[in-house]
Amino acid sequence: MRQGVFLMTEEMNPIPGQAGEELNELMQARRDKLAAIIDKGIEPFGRHYEPTHHAQQVTDQFADLEGKTVRVAGRIMAIRGHGKAGFANLRDMSGQIQLYLRQDILGDDAYDVVHQFDLGDIIGAEGEVFRTRTGEVSIKVASVSFLTKSLRPLPEKWHGLKDVEIRYRQRYLDLIVNPDVQRAFLVRSKMIQALRRALDERGFLEVETPMMHAIAGGAAAKPFITHHNALDMKLYLRIAPELYLKRLIVGGFEKIYELNRVFRNEGISIKHNPEFTLLELYQAYGDYQTVMKLTEEVIAAVAQEVLGTTQISYQGQAIDLTPPWRRITMTDAVKQFAGVDFAAIKTLAEARKAADDNGVHYEPGHGIGGILNAFFEAKAEEHLVQPTFITRYPTEISPLAKRCQDDPEFTDRFEGFIFSREIANGFSELNDPMDQKERFLAQVAQRESGDAEAHMMDEDFVTALEYGMPPTGGLGIGIDRLAMFLTDSYSIRDVILFPHMRHRDTNEG
RNA sequence: GACCCACUAGCUCAGUCGGUAGAGCACCUGACUUUUAAUCAGGGAGUCGAUGGUUCGAGUCCAUCGUGGGUCACCA
């Protein structure tokens with residue numbers, strides 16, 4: 001067999017230079033230093049250290065700290081030797097601080113250890129805070145503690161790491177050498193914190209519902225399929241938590257949210273990752289107006305808290321998140337941007353002719369509502385740069401939303417758009433079990449005619465509605481996309497720590 | 001899934017017309033006690049993504065494959 005040990009090793013270790021390969025010159029040099037450190041009786045992979053300050057604090061509080069002794073810990077990012085003295089830049093989570101290392105202060109033995117330092121090593125240092133001749137706040141190191149030896153060379157200090165494949169596959173390297181990357185994920189983290197706080201303040205309760213579903217419902221999407229061995233049953237990774245959250249509204253919870261991952265078995269692009277983070281919330285006794293208002297308020301509040309402003313810039317485009325956002329019905333948007341008035345279109349034949357005349361693509365299964373939506377996506381969406389709510393979605397494409405009081409062909413539903421991208425989706429929840437059952441049946445029919453994204457029948461959900469669900473407003477917000485706007489990230493991969501990549505395989509044809 | 005582009009030292013990149021592979025940083029040796037992309041002198045480092053083909057000769061031309069990126073389609 002050609003698939004010997006070597007191929008197995010490659011497959012299990014997608015990172016170049018792993019065990020089994022010969023060490024290159026740079027790695028050998030580090031192993032040699034490792035041995036030298038061990039020879040001196042020092043543990044190269046340490047156990048414990050208690051820093052008194054972060055790097056940034058030392059700089060910020062220089063006036064108070066000058067002449068005082070501090071302990072810091074972090075990764076060595078630069079070394080500048082000067083014979084019997086030297087400088088090193090130490091990086092921790094807060095930033096960098098310069099260390100000044102002198103043989104006459106450290107002593108010969110300790111200074112020998114300093115000579116074994118490599119870029120990337122993690123050390124602790126204790127010493128007096130001072131300012132150098134050139135004005136840089138530094139620490140005159142009296143003692144160093146070796147905490148972790150780094151056995152691989154870091155990417156270059158000046159140009160950083162640019163190879164996007166390595167950046168995503170080995171995100172830790174990206175985080176070490178590209179400070180902006182860490183900042184983006186910090187913003188994402190704060191944004192999620194701010195969101196939770198905004199919802200908690202408004203009396204919402206965070207809940208957790210199953211990620212593995214026997215029936216994949218709550219959205220139009222292809223699910224990932226898995227299998228439970230003991231129960232010998234097919235399970236789907238959830239495409240949305242919606243149907244479980246509404247069961248909780250039936251159960252008596254009044255304001256709930258879930259902020260977690262959903263999984264959709266679809267293409268990957270700068271706007272799509274197979275798993276992404278979705279916020280869904282439900283407010284009993286509210287409607288789509290309630291949650292539409294909540295959407296603009298919460299997004300503006302989060303931007304204000306995280307960035308200090310509701311005026312953001314995305315890819316060079318100024319965007320004003322300040323409420324209230326523009327509101328326009330889908331029919332009016334199509335009329336405005338495509339010049340086609342669907343209020344005057346009463347038959348499928350007329351809708352199809354309008355689409356044909358305007359070069360709008362539609363599927364054979366589309367009704368008037370589906371064609372209206374196709375018009376909207378083809379002609380109107382691109383114009384929705386500033387935050388805009390599109391309302392009155394066709395019932396045909398909204399199987400879980402309540403019909404409008406004045407027209408059963410439309411629903412009390414909205415989607416929020418920023419920079420032409422859908423960022424929020426909300427509606428008055430359908431709580432009529434008989435209507436819901438009919439909508440499911442229509443979805444099942446579509447599914448049987450080949451639409452893999454149409455809903456499955458969920459009898460238990462209908463049963464829950466039969467016990468009675470109060471009128472409810474529901475909302476979903478795409479967290480990754482919101483993070484993209486707040487961090488001015490071009491690709492969704494830049495706000496997901498470990499975006500999905502193809503599995504690295506062996507090189508056999 | 002279709003099309004376009006990329007893949008050269010640990011990293012960032014050059015490489016002309018097809019003629020034995022280059023730079024900066026990093027690394028190694030030496031000098032240097034306030035430098036900061038430290039400096040100075042010397043040195044080592046490559047399966048040019050993989051496989052096949054054309055050719056006297058391929059990093060360079062051709063084909064297939066792999067991985068990544070982009071655009072489109074689908075989707076939030």
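Quick note on labels: first sequence line is chain A, next is B, and so on, each numbered from 1.
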So what does [X] touch, heavy atoms closer than 4.0 Å: a base, only the sugar-phosphate, or nothing?
| X | result |
| --- | --- |
| A:A219 | nothing |
| A:D163 | sugar-phosphate |
| A:E136 | base |
| A:Y111 | nothing |
| A:K140 | base |
| A:L161 | sugar-phosphate |

Pairwise [atom1] distance for [N] and [M], with rounding to whole Å:
| N | M | atom1 | value |
| --- | --- | --- | --- |
| B:rC3 | B:rC56 | P | 34 Å |
| B:rC13 | B:rG57 | P | 34 Å |
| B:rG66 | B:rA38 | P | 43 Å |
| B:rA26 | B:rA41 | P | 15 Å |
| B:rA9 | B:rU51 | P | 16 Å |
| B:rG22 | B:rU35 | C1' | 31 Å |
| B:rA50 | B:rC11 | C1' | 23 Å |

*Anything under 30° is parallel, anything over 60° is perpendicular, the rest tilted; go ahead and classify A:F204 against A:Y257.*
perpendicular
_A:I166 side chain, from C-beta outward: closest of B:rC11, B:rA37, B:rU35_ = B:rC11
_Proximal nucleotide (of B:rA76, B:rC28, B:rU35) relative to the A:A29 side chain_ = B:rC28
_Nucleotide paired to B:rC48 in any strand shown, Watson-Crick or G-U, under 3.5 Å_ = none
*Is the centre of the A:F337 ring less than 6.0 Å from the centre of the A:H383 ring?*
yes
_If stacking means aromatic ring centre less than 5.5 angstrom from the base's six-membered ring centre, planes under 30°, is A:F87 stacked on B:rA38?_
no
*Taking only the side-chain nitrogens and oxygens of A:R80, find out if one of them lies under 4.0 Å from OP1 or OP2 of B:rA38.*
yes
*asked:* So that I can tick it off, tell me whether A:K379 and A:E377 are bridged by a salt bridge, with the cut-off set at under 4.0 angstrom between side-chain N and carboxylate O.
replied: no
